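Protein chains get the first letters and strands the later ones, always in sequence-line order, with residue 1 at the start of each. Keep in mind that the numbers below use all heavy atoms, side chains included, and drop hydrogens, waters and symmetry copies. In this text, all values refer to a predicted model and were calculated from it rather than measured experimentally.
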There are 2 protein chains.
Amino acid sequence: MNTDYQVLSQSLKHAKYRMTPQRIAICKILAESPDHPSAQMVYDMLKPKYPSLSLTTVYNTLETLVGLGVISPRHGSGDAPTRYDANTTPHAHLQCIRCNKLRDFDSQHVTDLNKDVSARAGYHIIGSYLLYYGLCESCQEKENNKE
Amino acid sequence: MNTDYQVLSQSLKHAKYRMTPQRIAICKILAESPDHPSAQMVYDMLKPKYPSLSLTTVYNTLETLVGLGVISPRHGSGDAPTRYDANTTPHAHLQCIRCNKLRDFDSQHVTDLNKDVSARAGYHIIGSYLLYYGLCESCQEKENNKE
DNA sequence: ATTACTGCAAAAGATTTGCACTAGG
DNA sequence: CCTAGTGCAAATCTTTTGCAGTAAT
């Protein structure tokens with residue numbers, strides 16, 4: 001489940017950031033989006049309701065929230081833009097290389113791997129990206145129907 | 001260990017690609033580079049010896065080798081460019097956010113996670129990126145000396 | 001009243017594309 | 001010879017930056 005709106009907005013307030021309407025709107029969208037939106041996607045969703053909104057502000061706010069540790073950036077396979085995930089518990093992602101959908105995948109082995117890395121790496125680990133890419137079920141069907 | 005030069009070049013020949021000097025040189029560099037070079041890094045390493053080489057050709061060749069499944073693209077944390085890895089056995093990566101170094105991390109849990117994803121996801125998995133980012137040992141020391 | 005935040009435009013960096021020329025088979 | 005491959009320049013796409021105006025506290 002995603003971090004909810006209260007946690008996102010409170011983290012801004014607590015860190016003494018100003019509560020602008022743009023930031024509030026972006027926090028709402030992130031909390032409500034199960035599909036890990038990119039900066040552009042956030043912008044497109046909010047633009048109709050906030051016509052003056054700029055993409056720069058979306059980037060600024062997302063970067064701020066990343067800095068507070070309440071959302072995580074995930075860069076997709078290949079050329080796809082960075083997606084932002086309000087679910088900060090450790091989990092892997094599955095991305096479809098056809099329709100670009102991005103979904104979560106929970107597994108005990110993610111936890112095990114994280115522990116192993118922390119224990120053996122000699123790195124001060126700050127975060128991780130665990131991405132598997134391929135064809136989702138509906139794109140596999142389309143593929144089969146074509147050939 | 002990296003896939004060696006023979007395997008890379010033979011995969012091109014076997015797939016009926018023409019053996020140009022540029023492709024041969026790029027295969028050699030990939031086989032010999034333990035540091036997972038980016039397209040630009042490959043270009044910089046080869047430019048002195050092949051002054052006419054273009055970055056476009058490097059991108060083309062890397063893309064071809066990715067298509068043949070003998071190297072894997074790995075996009076780093078944040079804004080870092082894509083790195084290409086001639087080690088195609090499943091393993092995780094550790095990237096230092098300070099010096100940008102990228103190294104391998106082998107773990108039984110990677111294998112376990114891969115199996116779990118294949119078994120439960122409903123995706124046709126094509127590949128994966130498993131990246132942990134943080135501070136490497138030498139950058140941790142520099143950090144400590146400063147503060 | 002301050003000063004952080006926004007929004008625009010321009011810049012930067014990585015990768016892709018169009019196309020004429022070249023060279024591998 | 002013939003077409004795949006190369007190399008250049010320009011285009012594209014994402015993200016960053018500089019800066020003047022605006023608004024949150």
Quick one: [atom1] on [X] to [atom2] on [Y], what's the gap to the nearest 0.5 Å?
X	Y	atom1	atom2	answer
A:Q95	A:R74	CD	CZ	12.0 Å
A:N114	A:S128	CG	OG	5.0 Å
B:S9	B:I26	OG	CD1	13.0 Å
A:E63	A:N60	CD	CG	8.5 Å

Enter the inter-axis angle for the ends of the helix from C:dA1-D:dT25 to C:dG25-D:dC1 (five pairs per end, rounded to 10°). 40°

B:K13 atom NZ, neighbour heavy-atom count above 12 within 6.0 Å: no

Taking NZ in B:K47 as the centre, count heavy atoms belonging to other residues, nucleotides or ligands within less than 6.0 Å. Is the count above 12? yes

Using side chain to side chain donor-acceptor pair (under 3.5 Å) as the criterion, list what pairs up with [X], not counting sequence neighbours.
X	result
B:S54	B:T57
A:Q108	A:D112
B:D106	none

Contact boundaries on DNA chain C for chain B, cut-off under 4.0 Å to non-hydrogen atoms: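 Boundary nucleotides touching chain B, in 5' to 3' order, are C:dA14 to C:dG25.
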
DNA chain C contacts among residues 43-50 of chain A, heavy-atom distance under 4.0 Å: none

Taking only heavy atoms on the protein side, list every residue of residues 12-29 of chain A lying under 4.0 Å from any atom of DNA chain C, sorted numerically.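 Contacts with DNA chain C under 4.0 Å: A:Y17, A:R18, A:T20, A:Q22, A:R23.
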
By ring pair (Phe, Tyr, Trp, His ring centres under 6.0 Å) - contacts of B:H91 (at least two apart):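 Scan of B:H91 (ring pair (Phe, Tyr, Trp, His ring centres under 6.0 Å), adjacent residues dropped) gives B:H93.
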
What pairs with B:H109 under ring pair (Phe, Tyr, Trp, His ring centres under 6.0 Å), at least two apart in sequence or on another chain? none

A:Y129 and B:Y133: CA distance, side-chain angles, deciding distance, ring-ring contact (aromatic ring centres under 6.0 Å, His included) verdict: CA-CA 8 Å; A:Y129 311 122; B:Y133 55 95; 4.9 Å; yes

Would you mind building the protein contact string for nucleotides 14-21 of chain D? One character per nucleotide, 5' to 3', B for base within reach (heavy atoms under 4.0 Å), S for sugar-phosphate only, - for untouched. SBBB----

Transitively linked via ILVMFWY side-chain contacts under 4.5 Å: B:L30 with B:L102? no

Linking directly or through intermediates, with side-chain heavy atoms under 4.5 Å: list the remaining ILVMFWY members grouped with B:Y123, chain and number order.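 Same cluster as B:Y123: A:L94, A:F105, A:V110, A:L113, A:V117, A:Y123, A:I125, A:L130, A:Y132, B:L94, B:F105, B:V110, B:L113, B:V117, B:I125, B:L130, B:Y132.
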
List in chain and number order the residues that pass salt bridge (Lys or Arg N to Asp or Glu O under 4.0 Å) with A:R120, two or more places apart in sequence or in another chain; answer none if no residue qualifies. A:D116

